[in-house]
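The block underneath contains the structure these notes are about, expressed in structure tokens.
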Amino acid sequence: KFRTKIAVYWKDIKVYNDGGYHTPTAVLTEGILSKETKNHLLIKKPETLLLDTIRNHPQKKPKFFRIPKSMITEIVRIGGK
């Protein structure tokens, strides 16, 4: 349901110039579900934490965050019915 506050657990991919594959980073993004497409969720006013270091990501807060559905491991509704 749009305009619902949600928490999205997902895996972020790090890309390195050396071409090596690295384990994806566990991430938690909380915010308002703004839009859903076949392949993505668009989160408004996102607060994102890297779970391995418990730090904000990115350092400068974006207005929206687009998360690929293929990387999502869990979605939790926050508050409300």
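Hydrogens, waters and symmetry mates are skipped; everything else that's a heavy atom, side chains included, is used. Throughout, numbering of the chain's residues begins at 1 and tracks the sequence.
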Value rounded to 0.5 Å, distance of [atom1] in [X] from [atom2] in [Y]:
| X | Y | atom1 | atom2 | answer |
| --- | --- | --- | --- | --- |
| Ile6 | Ile78 | CD1 | CD1 | 8.0 Å |
| Arg66 | Lys35 | CZ | NZ | 7.0 Å |
| Ile43 | Leu33 | CD1 | CG | 5.0 Å |
| Glu36 | Ile67 | CD | CD1 | 11.5 Å |

Backbone N/O of Thr37 and side chain of Lys69: donor-acceptor pair under 3.5 Å: yes

Expected output: side-chain Thr29 to main-chain Val8 donor-acceptor under 3.5 Å: no

Full working for side chain to side chain contact (heavy atoms under 4.5 Å, CB included) between Glu47 and Leu49: CA-CA 7 Å; Glu47 293 286 336; Leu49 292 175; over 6 Å; no

ILVMFWY network linking Ile32 to Ile75, side-chain heavy atoms under 4.5 angstrom: no

Hydrophobic cluster membership, Leu42 vs Met71, 4.5 Å side-chain cutoff: no

For [X] versus [Y], what's the shortest heavy-atom pair and its separation?
| X | Y | value |
| --- | --- | --- |
| Pro46 | Lys63 | CD-O, 3.5 Å |
| Pro62 | Phe65 | CG-CD1, 3.8 Å |
| Ser34 | Phe64 | OG-CE2, 3.7 Å |

Partner of Tyr9 under side-chain contact (heavy atoms from CB on, under 4.5 Å), chosen from Thr73, Ile72, Val27: Thr73

